[in-house]
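Worksheet: the structure to be examined is printed underneath.
All values reported here derive from a predicted model rather than from experimental measurement. The sequence lines fix the lettering, A, B, ..., with proteins before strands; numbering per chain opens at 1.
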Number of protein chains: 2
Amino acid sequence: MTGVTIRDVAKKAGVSPSTVSRVIRGETNVHPKTKRRVLQTVKKMGYFLDGSARAIVKKQTKTIGVSISDISNPFYPLLIRGIENTINKFDYSMILCNTDEDSSKEERHLKVMLEKRVDGLIIAPTNPQVPFLKLFEERGIPIVCIDRAIENVEADMVGVDNVHGAFAAVEHLIKLGHKRIAIITGIRGITTTNERLRGYLDALKRYGIKKDEALIVEGYSRIEGGIKATKELFKLKSAPTAIFSSNNLMTIGTFIALKELKKSIPKDVAVIGFDDLEWAETLDPPLTAVSQPTYTIGSTAAQLLMQRLLKEGPKKKQNIILKTSLVVRESC
Amino acid sequence: MTGVTIRDVAKKAGVSPSTVSRVIRGETNVHPKTKRRVLQTVKKMGYFLDGSARAIVKKQTKTIGVSISDISNPFYPLLIRGIENTINKFDYSMILCNTDEDSSKEERHLKVMLEKRVDGLIIAPTNPQVPFLKLFEERGIPIVCIDRAIENVEADMVGVDNVHGAFAAVEHLIKLGHKRIAIITGIRGITTTNERLRGYLDALKRYGIKKDEALIVEGYSRIEGGIKATKELFKLKSAPTAIFSSNNLMTIGTFIALKELKKSIPKDVAVIGFDDLEWAETLDPPLTAVSQPTYTIGSTAAQLLMQRLLKEGPKKKQNIILKTSLVVRESC
DNA sequence: CTGAAAGCGCTAACAA
DNA sequence: TTGTTAGCGCTTTCAG
C-alpha cells in the first residue's frame, strides 16, 4: 500500500495536481521541462494511476463484462480470444463470468457487472428473456449478444445461421443414404437448440423423411448428456443409422458412448457434429462437422461493442449472421 | 445513464445519505421502518451502487487479476473454472488476460491490473523473472503463481510435480521396452519445460539409457510445433520408437503428424503425453497421459489468494505441489 | 438510531 | 502554460 497520490507527486515536483494530471493524461499544453520533471517524479515515487478514482469522474471504467455459459466448453476459448485481442487494442479489459446456463447465477453476475460499472456487455444469454438486461439498456450500456438472441431489449447480435448449418449437416447424411437419422439436442429453450432442431426438421421434410419423435433426444449440451442420449438411442428397437449431435460436448459424449457400445463409426452408425473441434482430425474416426467461425464471432462482437462505446456504430442495432461450413472427414 | 446516487435516494426517502449507506451495507443499527422505506426507495428509483466510488474509499475492488498464457490451450479452461467457482463465493470477480507467452504483453496487462486496483493476482508467469511483480509486492497485493514458479518476489505457488510426472511417463515407456525415446519440449526457459525435461533425463539415466541430443526437440508448446517436431524426428536415420510429448497442444500435433506420416500408434511408435485431455479416450488411439488436476490447481490457488485477502493465511508463503497421475490407455 | 461533515484520488472548468 | 476550486459517489468518523 504505497498509496502515492497525484497530490504527493505534485508537491514533490513543485507543481499543482492538475499539472500532474495533465502530464499523466498526455495533454500537450504542458511545458516540456515541467513534463519531464513530473514524469521523473512519477517514476521515482512509484506513482500509479488509480483507475477507480478516474472512473468515477470520467464515468468510464475501460472494462467490459463478458458472460458466457462455460469456458470449459471448447466452443468458447477461441471466441474469448477474439474478444480479448480486439478490446486490447482499445485498452479495454474484461471481467469474465460463467453462468452454467443458470439464469439466477447469470443475474447475480450481471448485477455485479452493473455495480462495477462495466462500459459494455458481451453476453451469451441463458435464455431469450433476461429481464435484468433492461437495466443495462436504461443506463445506456451497450449490449452485444453472441451465439444467441435476446428479446425485449435493444442489443446487437453476432451469431451463425444455425438453421442452415443444421440443415446442411442432415442433408449431408441424407445424401449418404441415411433415413433413420437421430438428433441429440442441447438444452431446451435456448435459441441455438431450437434453431438447430428446426434445421434438422426442415431437412427431413425437404427430403420427404417422416420425423420420428423417438429419434429426437435431449443431451443437455454436456458430455454426460451426449453419452446418455446415445445409449438411449441404441435401446430403441429400431436404432438410428446416423446421429446428428448438435453441439461440441455432446459429440464427445457420443463418441465415448459408441466406443463403449462397440459400435463402429461410420460403419454401424454415422456421426456428424455441430461445432468443429481443433483436434477433430485426431478423433477416431476424424469427425465430420459443421464448423463455426468462433474466433470471428468474438472479434466481431467486440468490434461492434467498441464502435458503440466510441459512438461510431450505426444507429440501428446490428444482426450479424456468420456462415458455417461443413468440414467433411471420416465419421459419416 | 440514470445516475441515481445515494443522495438522491436519501432525499426521496427523507433520510440522510449515511443512513442509506448503512442500509445498503446491511448495517444492523438502523430502525426497521427506516430500513424498509429506504429499501423501497432504492428499488423504486432503480438505484445501483457505484463500485468505483466504494472502491476508492474502501481501498478494495473485489476484483482479482488472472494472467495466463492462452485460454485456448485446453489446460486452462478448467483451471479458470476452479478459480471462478472459488472466488464467486467471496463475491469476487476476475479480470482475465492472455499473455501468449509474450512478456511485454504480460507487463502491459499487469500495469492495467495495477491501475484497476485488483485486490490480488493469480498468474502463470511467462518466465521466472517478472520484474513488474515487484510493484504488486510493494503495494501489498498478494500474488499466487500457478503452474510455474517465480523468483525474487514473495508469492504463493500452486503447481504439480513436473519432474516426477515426466519421470513416470518415461519410465512407463522404458518398462514397455523402449530405448529410443524422444521428448518434444515446450518453450525453452519456462519452468515447466525445464522440469519435464529433467524428469525425462532422470528416467533415462536411472535406467541406464544414454541420452541422444537428436531425440530432444522443441515443440514451442503449440500444435504446429508438435507437428513440426514429430516430422523432424522421423527424418532421423534412426527414428524413435516412442515419443514423450510434454504438453497438451503438442500432443495433438504429434497425433496429426503421425497420421500424415502414416505411422500407426502404438505399433510404429508409442506416444505418451503430459496433460490429459477431456476427450483423450476418443482419440485414435486413446491417449495415455500424465494427468494434472487442473480444476484443483485453480481452486487451490484461488483459496490461497482469498485467505491472503482475508488475512487468514499462514504467514509463510505456501508452495503447494499437487500430484499427477498416469492414465494408461492405448497409445503406448 | 440518525445526521453533518470530511475526505478517498482524480478531472474539469475557470482564472490567472 | 499553470494553479485554484469544486465536485464525482461513496464511507466514515464524530456528534447528537
Which part of the nucleic acid, if any, lies within contact of A:Arg7, taking any heavy atom under 4.0 Å across all strands shown: a base, the sugar-phosphate backbone alone, or nothing? base
Assign each of B:Ile56 and B:Val15 to its nearest nucleotide of DNA chain C by heavy atoms, then name whichever residue's nucleotide is nearer the 5' end. B:Val15
Bend angle of the helix from C:dC1-D:dG16 to C:dA16-D:dT1 from five-pair axes at both ends, rounded to 10°? 30°
Report which part of the nucleic acid B:Asn29 touches: base, sugar-phosphate, or nothing (heavy-atom distance under 4.0 Å, all strands). base
Determine the contact category for A:Thr34: base if any of its heavy atoms lies under 4.0 Å from a base atom, sugar-phosphate if only primed atoms, P, OP1 or OP2 are that close, otherwise nothing. sugar-phosphate
Closer than 4.0 Å, any side-chain N/O of A:Lys59 to the OP1 or OP2 of D:dG9? yes
Distance test, side-chain N/O of A:Ser21 to OP1/OP2 of C:dT11, below 4.0 Å: yes
Report which part of the nucleic acid A:Ser18 touches: base, sugar-phosphate, or nothing (heavy-atom distance under 4.0 Å, all strands). base
Is the closest side-chain donor-acceptor distance between A:Lys116 and A:Thr63 under 3.5 Å? no
Taking only the side-chain nitrogens and oxygens of A:Ser16, find out if one of them lies under 4.0 Å from OP1 or OP2 of D:dT2. no
Is B:Lys134 salt-bridged to B:Glu138, cutoff N-O under 4.0 Å? no
Below 4.0 Å: OP1/OP2 of C:dG9 and any side-chain N or O of A:Thr5: no
Under the 3.5 Å rule, do the base of D:dG3 and the side chain of A:Arg22 count as making a donor-acceptor pair? yes
